[in-house]
Amino acid sequence: MSGGLVVVGTLTLPGVGRSVGYARRFLREMAPPQAHALLDDLVTVGSETVGNAITHTDSGDDGRVTVSLLAGGGVYRLEVADDGAGGKRPHLKAETGDEGGRGLRVVEALSQSWGFRTDGARTVVWAEFGSADVNSSGNPDRGLSRDSATLVAAAFEGGNR
């Protein structure tokens with residue numbers, strides 16, 4: 001883990017498919033202006049990791065997934081925490097030519113480095129993106145206040161769709 005990281009923003013979403021889009025929006029809004037050169041890769045990796053959490057862990061069974069963006073020391077770090085998968089952990093699958101099963105290959109290709117850590121039954125998948133001009137935040141609200149423009153109450157409405 002890179003030292004000196006500060007939280008730019010964190011968002012917890014229900015473990016449903018539409019949350020992937022909310023996670024993409026959150027990452028686009030939270031990324032400081034100097035991160036825009038990395039934004040497409042960051043958002044794509046966010047989509048893959050949130051989608052994996054919903055598809056392959058208890059997050060997708062009436063659970064939640066938490067997306068965090070951290071910055072510092074020349075690095076942006078994306079973290080996606082799931083509700084656990086019965087002890088199973090993320091791993092690269094052998095290339096088979098199948099349509100699915102390539103999400104972590106995308107993560108590996110687009111990020112500077114990636115991995116995971118355990119948090120009890122939960123898994124936190126992280127990916128880092130290097131940048132020469134990283135500061136702590138371009139957004140003073142950081143998505144944490146009750147009045148934040150990134151608060152996505154609508155994501156929790158409407159059931160499991």
Side-chain angles (χ1 to χ4, degrees), residues 1-57 59-60 64-83 85 89-119 122-144 148-152 155:
M1 179 189 260
S2 298
L5 296 176
V6 296
V7 175
V8 175
T10 298
L11 179 66
T12 298
L13 294 162
V16 296
R18 72 176 175 277
S19 290
V20 175
Y22 286 111
R24 284 192 300 264
R25 178 178 170 204
F26 165 76
L27 291 169
R28 288 193 183 283
E29 290 180 0
M30 286 292 103
Q34 61 273 23
H36 285 207
L38 306 168
L39 193 57
D40 288 340
D41 290 348
L42 179 71
V43 170
T44 299
V45 169
S47 292
E48 288 294 337
T49 52
V50 170
N52 282 349
I54 292 167
T55 302
H56 301 294
T57 76
S59 292
R64 296 182 179 213
V65 60
T66 300
V67 181
S68 300
L69 181 62
L70 299 88
V75 169
Y76 289 97
R77 183 181 182 105
L78 168 68
E79 295 188 350
V80 175
D82 63 45
D83 284 343
R89 302 298 179 195
H91 62 280
L92 286 174
K93 294 183 179 178
E95 182 58 57
T96 63
D98 291 341
E99 181 105 2
R102 292 181 279 187
L104 288 178
R105 290 195 178 281
V106 171
V107 171
E108 183 177 54
L110 296 179
S111 64
Q112 187 175 22
S113 61
W114 77 277
F116 69 90
R117 68 177 185 278
T118 59
D119 181 13
R122 302 176 78 205
T123 301
V124 180
V125 175
W126 57 266
E128 292 186 343
F129 304 83
S131 175
D133 299 322
V134 176
N135 70 19
S136 64
S137 176
N139 182 339
D141 183 64
R142 298 183 182 182
L144 302 175
S148 172
T150 62
L151 185 64
V152 190

Using a strict 4.0 Å threshold on nitrogen-to-oxygen distance, state whether R24 and D40 make a salt bridge.
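Salt bridge flag = no for D40 with R24.
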Do the charged groups of R117 and E79 touch, with an N to O distance under 4.0 Å?
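So R117 pairs with E79 through a salt bridge.
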Atom pair [atom1] ([X]) and [atom2] ([Y]), whose distance is rounded to the nearest 0.5 Å:
X: T49; Y: I54; atom1: OG1; atom2: CD1; result: 9.5 Å
X: R28; Y: H36; atom1: CZ; atom2: NE2; result: 9.0 Å
X: M30; Y: L70; atom1: CE; atom2: CG; result: 12.5 Å
X: E29; Y: L69; atom1: CD; atom2: CG; result: 12.5 Å
X: Q112; Y: E128; atom1: CD; atom2: CD; result: 7.0 Å

So which heavy atom on [X] is nearest to which on [Y], and how close?
X: L13; Y: S19; answer: CD1-O, 3.4 Å
X: V50; Y: A23; answer: CG2-CB, 3.9 Å
X: L11; Y: Y22; answer: CD2-O, 4.2 Å
X: V65; Y: A53; answer: CG2-CB, 3.7 Å

Option among L5, L38, L39 that satisfies the side-chain contact (heavy atoms from CB on, under 4.5 Å) test with Y76
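For Y76, the side-chain contact (heavy atoms from CB on, under 4.5 Å) test succeeds with only one of L5, L38, L39, which is L38.
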Pair L104, N52 - check side-chain contact (heavy atoms from CB on, under 4.5 Å), show working.
CA-CA 9 Å; L104 288 178; N52 282 349; 4.1 Å; yes
Check side chain to side chain contact (heavy atoms under 4.5 Å, CB included) between A127 and all other residues, then give those that pass, not counting sequence neighbours.
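Here the qualifying residues are V45, V107, S111, W114, F129.
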Name all residues meeting the side chain to side chain contact (heavy atoms under 4.5 Å, CB included) criterion together with T55; count only those two or more places apart in sequence or in a different chain, and write none if there are none.
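Scan of T55 (side chain to side chain contact (heavy atoms under 4.5 Å, CB included), adjacent residues dropped) gives none.
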Using the rule given for side-chain contact (heavy atoms from CB on, under 4.5 Å), can you reason through S113 versus W126, listing the C-alpha separation, both sets of side-chain angles and the distance that settles it, and then say yes or no?
CA-CA 8 Å; S113 61; W126 57 266; 3.5 Å; yes
Between F26 and V67, is there a side-chain heavy-atom distance shorter than 4.5 Å?
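SC-SC contact between V67 and F26 confirmed.
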Under a 4.5 Å cut-off applied to non-hydrogen side-chain atoms, are L78 and L27 in contact?
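SC-SC contact between L78 and L27 confirmed.
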Side-chain donor/acceptor of S59 to backbone N/O of R64, under 3.5 Å
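It does hold such a pair.
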I'd like to know if the side chain of D82 and the backbone of R122 have a donor-acceptor N/O pair within less than 3.5 Å.
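The answer is no, because no donor-acceptor pair under 3.5 Å joins these two groups.
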Side chain to side chain donor-acceptor pair (under 3.5 Å) partners for T44, two or more places apart:
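Applying side chain to side chain donor-acceptor pair (under 3.5 Å) to T44 gives none.
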